[in-house]
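What follows is a set of notes on a single structure, which appears directly below.
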Amino acid sequence: MIADVVLPIPVGKYFSYTVPVEIAPYVSLWSRVRVPFRQRDATGIVTAIREGDGTGLKAILEPLEFFPLVDPELAALADWASSFYLTPKGLVMKYALPPLRDIERYLVVETTGEGPSAAGSALLNKTIKRLGRLRLVQLFRQGSISLRDDITHRKFTAAHPMAGPSGDNQTERTVFIDSVGHRLERYITLIGKHIDDNGNILFLLPDHYAAGAYFTEKMKAIYGDRVLWFSSGVPVKQRMETYFRARQEGGYIILGNKNSVFLPVHNLSLIIAERYDDDEYRNEESFKFNAIRTAIERARSGGIPIVLGGAACCANIIWHARENGIAIQCNDWMAGSNFTNTIKTVGSRSPGELLDRLCTDIIETVHRGDNTAVYVPRKEYGSYLKCYVCRGPLACTKCGGHFDYDRDKDTLHCTACDAERPYMDACPNCGSNMIGFARIGASFVYDHLSRTAPGLNVTLITGDSLKEELPALRKKGPHRTQCLVGTRALSKLYGYHVDKLILADWEELRKMSGFRSEEKTHQIIANLIDALTPDEIVCYSRSRKSADLVPYLKTTAFYENELRKRKEADFPPFTRIFLVEARAKTQGAADRALAKVKTVLSDNDLDPFLFGTIPHNKPPFHSWKTVLKGPKDLLDSAFTDLYNIAGVEIEADSPNF
DNA sequence: AGCACGCCGACT
DNA sequence: GTCGGCGTGCTC
């Protein structure tokens, strides 16, 4: 007997091993096995079992599982994900399954038979050491021992995955675009319906600490200890409790972020995905997938109701929903809100003027006793310094590159040649002191405010500072007048009401590169408004003629327009984009890897789908990204060959290129 | 990925 | 004259 095994390595093929007769009964499809690989052992997953004598093959060393932990539903989802995201199955499985040692750490062995050893229980790991794993697996299969987990105290047996209580699945398959208050109401109604039938609800959230904390609090207030978390943000024991309960019990709300889309859930009767447009649902490490797209597939293949909730639209998902018979409910919540009538735009001639007007406004607002949040598209201090006499960026005297300002060292730093010189209030070329930042960043606004109005209670919110600031913001409560300055991380402050939302230089968002820049602009603005529920919005513009914010607030019209443009240009979702990256430590090696990629693409007649090749050199590596545009199965035939080139990785549906 | 084999620079 | 850098190839 031969078993085909996939390993957690970025290689597109499987490896075959012979299966010794004594372990054959315990090796099944999708079970984990220990195999010799090179000089060492590796954990692999059996993806096929077939007949044959297997001369020249190595043998499987031992079965690792008492029964396969992967049920057919999870297996099918992993298969789908592997081919949809062009990731080797071994890497998908490594991501989808909890490490065996996390599971076994909490298992105890119980003797059930009348055998020679007296009834009792012992930690699984110790018993494995004493008797050997194979022996235990044999005893388990013949019924002499059983396993129990030490957290829920339930028997650990092969779960019987079942579809949840069949409700009115069709009407509950919805993309629901509305404010957070309405989404919460909707979620609660749905959860109530399913939980009463002992169904489990999988509730996907973009993170654990912000959106996660908000919804945990809301859910716990109603359902108490029926609320579980499964994600990398919680301690192992808590995560494993969720794992053990989810696979056997019912009536739980299982909250988690992107990895929980692969969690085996007994009686799964509803999937909710909050802020389905959030970038955090995209995994960027090794297995590059989108948890929302994967959740849609899980719901589709299992006939499970799914509700995708958010404040903004996402063209890709909207289109997908239409194709799959998922309803879209968008009531244009922003267009009808109070603040729409109060949107005010203040133009300026320079970043300096913008900053002055902005600060004056903030100080007045805070003194009036109103909460304010200032959104700035960039987090850095300011992106480059400009001389208004030379009419261009401050130029490096050595190489002519752009100078930017290093806040910590108080120096000018050349972005091209790394030269540094002490900061002076003058242009190095013409000596004029008419210099300033060509763009402003959140830190710059924050520092400027702290300096000009020392008494003001200002907090800087960026992706880095959010986690630290959150507890303090919660504690202070809504009564303390505050001013927040921050980047898009501000949109994570669910339920933090501000009276005035200031958008500083928001038009900068529209200059983002990539075909999704308009959509991202809409999403950032919508999510800011969703979290901060402003009564009033003021836009500060860097130029005199400023763009109109309103089209970004009319959600339905926005996505219809966006879809129309995408179709005309033949861009996603009407086609797929694949990035084939060839990476190496030296330029020469990267070039050679690229040449191999091109050969494989050419051999598979993919040249007509080539969109271009772009260099992507981030310091320790040199890399080339080859972009292909085409149907969803475009790379199926080239997949294995591409992954057999060292340093090659494929990313499907990349939102930025 | 991770590890071994293989060919070009600074050391006792 | 060697040690060791990383580029290349291969893993049942």
Side-chain angles (χ1 to χ4, degrees), chain A residues 1-24 26-65 78 81-82 85-101 259 283-289 579-600 603 615-625 638-651:
Chain A
M1 200 162 75
I2 295 173
D4 296 335
V5 172
V6 291
L7 298 167
I9 54 175
V11 167
K13 62 184 180 191
Y14 56 78
F15 296 86
S16 303
Y17 293 85
T18 57
V19 187
V21 275
E22 65 275 20
I23 69 172
Y26 317 110
V27 171
S28 45
L29 211 55
W30 295 102
S31 67
R32 274 182 271 205
V33 289
R34 198 161 59 84
V35 294
F37 189 66
R38 275 284 173 119
Q39 319 287 66
R40 50 184 55 220
D41 295 356
T43 297
I45 286 178
V46 177
T47 53
I49 296 172
R50 56 199 165 85
E51 290 310 314
D53 69 346
T55 324
L57 299 182
K58 291 185 182 174
I60 287 182
L61 297 171
E62 64 175 359
L64 289 172
E65 292 177 346
S82 166
Y85 290 111
L86 298 144
T87 303
K89 223 167 280 189
L91 292 179
V92 173
M93 295 312 299
K94 188 195 162 94
Y95 183 90
L97 295 173
L100 205 58
R101 70 171 103 69
N259 61 343
N283 193 41
E284 315 238 82
E285 314 252 288
S286 75
F287 169 32
K288 295 171 179 159
F289 75 105
L579 300 185
V580 182
E581 182 179 18
R583 195 177 61 188
K585 275 205 180 152
T586 63
Q587 187 65 62
D591 292 349
R592 279 186 292 277
L594 174 66
K596 286 187 195 169
V597 168
K598 291 252 160 115
T599 309
V600 171
D603 290 350
H616 206 86
N617 297 326
K618 42 203 168 198
F621 293 104
H622 295 268
S623 96
W624 291 102
K625 280 188 177 175
F639 172 65
T640 309
D641 287 342
L642 285 173
Y643 259 102
N644 284 334
I645 304 168
V648 165
E649 265 184 49
I650 304 174
E651 183 180 2

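Chain naming here is simple, since letters A, B, ... match the order of the sequence lines and numbering starts at 1 in each.
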Polar atoms only, N or O, under 3.5 Å: list the protein pairs with nucleotides 3-5 of chain B and their distances.
from  : atom 1 : to      : atom 2 : distance (Å)
B:dC3 : OP1    : A:Arg40 : NE     : 3.3
B:dC3 : OP1    : A:Arg40 : NH1    : 3.2
B:dC3 : OP1    : A:Arg40 : NH2    : 2.4
B:dC3 : O2     : A:Arg38 : NH1    : 2.9

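Contact between A:Val33 and A:Ile60 at its shortest, heavy atoms only, is CB-CG2, 3.9 Å. Across A:Pro8 and A:Thr43, no two heavy atoms sit closer than the pair CD-O, 3.3 Å. Nearest heavy atoms, A:Ser16 versus A:Asp4: OG-OD1, 2.8 Å. Residues A:Pro36 and A:Ala59 come closest through the heavy atom pair CD-O, 3.2 Å. What you find for A:Asp53 and A:Thr18 is that their closest heavy atoms are O-CG2, 3.8 Å.
Bounding nucleotides for the chain A contact on DNA chain C, 5' to 3', at a heavy-atom distance below 4.0 Å, are C:dG7 to C:dC12.
Counting non-hydrogen atoms under 4.0 angstrom, A:Lys94 reaches nothing in the nucleic acid. Among the heavy atoms of the strands lying under 4.0 Å from A:Pro36 are primed sugar atoms or P, OP1, OP2 only; no base atom is included. Using a 4.0 Å heavy-atom distance criterion, A:Ala646 is classed as making no nucleic acid contact.
Side-chain polar atoms of A:Ser623 and A:Glu581 form a donor-acceptor pair below 3.5 angstrom.
Contacts of residues 10-21 of chain A with DNA chain B (heavy atom under 4.0 Å): A:Pro10, A:Val11.
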May I have the list of side-chain donor-acceptor pairs in residues 593-600 of chain A shorter than 3.5 Å, sequence neighbours left out?
from     : atom 1 : to       : atom 2 : distance (Å)
A:Lys598 : NZ     : A:Thr613 : OG1    : 3.3
A:Thr599 : OG1    : A:Ala595 : O      : 2.8

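By the ring-ring contact (aromatic ring centres under 6.0 Å, His included) test, A:Tyr95 pairs with A:Phe287, A:Phe289, sequence neighbours left out. Remark: A:Tyr643 engages A:Phe639 in a ring-ring contact (aromatic ring centres under 6.0 Å, His included) (not counting sequence neighbours).
A heavy-atom distance below 4.5 Å is not found between the side chains of A:Val46 and A:Ser28.
Where A:Gly588 and A:Gly56 each meet DNA chain C at their nearest nucleotide, the meeting point lying more 5' is that of A:Gly588.
Paired with A:His622 under the rule side-chain hydrogen bond (donor to acceptor under 3.5 Å, both in side chains), one option of A:Lys585, A:Gln587, A:Arg583 passes, and it is A:Gln587.
When rounded to the nearest whole Å, the span between CZ of A:Phe287 and P of B:dA1 equals 16 Å. The interatomic distance linking A:Lys585 (NZ) with B:dA1 (C1') rounds to 13 Å, in whole Å.
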